[in-house]
Novice: 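Quick one: structure below, then a few questions.
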There are 2 protein chains.
Amino acid sequence: MLGPRLKELRGKRSQEEIAEKIGISRARLSHYENERSQPDHELLTKLADFYEVGIDYLLGRTDKKEPTESKIIKHKDDDKEIEEMLNDPELKMWHKELKGTPEEIREEALNFLRYLKDQERGRKPGDKQK
Amino acid sequence: MLGPRLKELRGKRSQEEIAEKIGISRARLSHYENERSQPDHELLTKLADFYEVGIDYLLGRTDKKEPTESKIIKHKDDDKEIEEMLNDPELKMWHKELKGTPEEIREEALNFLRYLKDQERGRKPGDKQK
DNA sequence: TAACTAAGAAATTCTTAGCCC
DNA sequence: GGGCTAAGAATTTCTTAGTTA
């Protein structure tokens, strides 16, 4: 998925032009565009910076270019889960309770919940007593 | 930057638990968390899916988690609260954790959370029972 | 000129096993 | 249990040089 995106973003400019601006050889850029190899994280970031898109877009995880608005490509299940959340009054209560609560405490509470569930299950997978 | 993010998202769960769910060895996950190696694009996507954040966040290109914001955000009736809920990846985690859990346990966990908050606050009962 | 690729050297990853707390 | 790491095999990347259109 990265390949086509890179090609699309380059438009009609030459590989050489982009490669030079980014500081890599043109063969290397060609490899990326043809998916013969994968850029490491540093270069991935550089490419995203250069083309001004989100990495999620580069990797085809979203169709939105903006980094801050990338959305995961999931299917119908997604809507279902969201609807479920919106229709759950108790979750709203949790949300109110959690909002503005220190990370430390949220984590501890989550841990406790998981502990309770493990107990319930009768099994003892993660006996994380605190 | 990936390392700290992965650790943060894992919370207090064990590497083994996550590694298994994602389908990799725990040494491998450890390497990622300690930045001894970089996951390839496929696994990067898998991690982002699993933790429900953007890849840009994983790689530290942004501080926004970029949750899986839904396409139905334009739901008629409401306010900021709902958008806030939908854009809170941690709340989704709570939702997953709470869904299908017996009322008894949910209540106990909620009480525990409130207890922790009261403790933290030093002195302020905030006794909002439902 | 522009893009692509073969080939091998160079670098990285990944697994296993063991170590430490 | 939970996490980290050494070592080397396995895999991937990257450069150069050459090919194709």
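For clarity, every value in this text was computed on a predicted model and none was experimentally measured. In what follows, chains are A, B, ... by sequence order, proteins preceding strands, each numbered from 1.
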Novice: When you measure from the side chain of B/R26, which nucleotide among D/dC4, C/dC4, C/dA3 comes out closest?
Specialist: D/dC4

Novice: Identify the residue among B/R5, B/K7, B/R10 that makes a salt bridge (Lys or Arg N to Asp or Glu O under 4.0 Å) with B/E33.
Specialist: B/R10

Novice: Just how far, in rounded Å, is P of D/dT11 from CG of B/L43?
Specialist: 17 Å

Novice: Quickly work out the B/L29 CG to C/dT15 C1' distance and round it to whole Å.
Specialist: 15 Å

Novice: Report the distance from atom CD of B/E35 to atom OG of B/S30, rounding to the nearest 0.5 Å.
Specialist: 11.5 Å

Novice: Ignoring backbone atoms, establish whether B/R28 has a side-chain N or O less than 4.0 Å from OP1 or OP2 of C/dT12.
Specialist: no

Novice: In plain terms, say whether B/K96 and B/E52 are close enough for a salt bridge, that is, a side-chain N and a carboxylate O under 4.0 Å apart.
Specialist: yes

Novice: Starting at atom NE2 of B/H41, determine the distance to atom P of D/dT13, rounded to an integer number of angstrom.
Specialist: 8 Å

Novice: In this structure, how many angstroms lie between the P atom of D/dG2 and the CD atom of B/E33, rounded?
Specialist: 14 Å

Novice: If the cut-off is 4.0 Å, is B/Y32 near the phosphate of C/dT13, judged by side-chain N/O to OP1 or OP2?
Specialist: no

Novice: Which part of the nucleic acid, if any, lies within reach of B/D40 when heavy atoms closer than 4.0 Å are counted: base, sugar-phosphate only, or nothing?
Specialist: nothing

Novice: Among the clusters formed by ILVMFWY side chains lying less than 4.5 Å apart, do A/L58 and A/M1 turn up in the same one?
Specialist: no

Novice: Counting side-chain heavy atoms from C-beta on, which of D/dA6, D/dT15, C/dT16 comes nearest to A/A27?
Specialist: D/dT15

Novice: Measure from CD1 on A/I24 to P on D/dT15 and round the result to the nearest Å.
Specialist: 9 Å

Novice: Around atom OH of B/Y115, are there more than 12 heavy atoms from other residues, nucleotides or ligands closer than 6.0 Å?
Specialist: no

Novice: Which heavy atom of B/P39 sits nearest a heavy atom of B/L44, and at what distance?
Specialist: CG-CD1, 3.8 Å

Novice: Using only heavy-atom distances, determine whether the side chains of B/Y57 and B/R61 contain a donor-acceptor pair under 3.5 Å.
Specialist: no

Novice: C/dA6 phosphate, OP1 or OP2: any side-chain N/O from A/R36 under 4.0 angstrom?
Specialist: yes

Novice: Strictly below 4.0 Å, N to O, side chains only: are A/E108 and B/K12 in salt-bridge contact?
Specialist: no

Novice: Taking only the side-chain nitrogens and oxygens of A/K12, find out if one of them lies under 4.0 Å from OP1 or OP2 of C/dA3.
Specialist: no

Novice: Note the angle between the end axes of the helix from C/dT1-D/dA21 to C/dC21-D/dG1, five pairs defining each, rounded to 10 degrees.
Specialist: 30°

Novice: Which whole-number value in Å describes the distance from A/K7 NZ to C/dA2 P?
Specialist: 16 Å

Novice: To the side chain of B/E16, which of D/dT5, D/dG2, D/dT13 is closest?
Specialist: D/dG2

Novice: To the nearest Å, give me how far apart NE2 (B/H31) and P (D/dT5) are.
Specialist: 8 Å

Novice: For the pair made of CG in B/N34 and P in C/dC14, what is the distance, rounded to whole Å?
Specialist: 15 Å

Novice: Which part of the nucleic acid, if any, lies within contact of A/S30, taking any heavy atom under 4.0 Å across all strands shown: a base, the sugar-phosphate backbone alone, or nothing?
Specialist: base

Novice: Just to confirm, is there a sub-4.0 Å distance from OP1 or OP2 of C/dC4 to any side-chain nitrogen or oxygen of A/Q15?
Specialist: yes

Novice: Can you tell me which nucleotide in C/dT5, C/dT13, C/dT15 comes closest to the side chain of B/S37?
Specialist: C/dT13

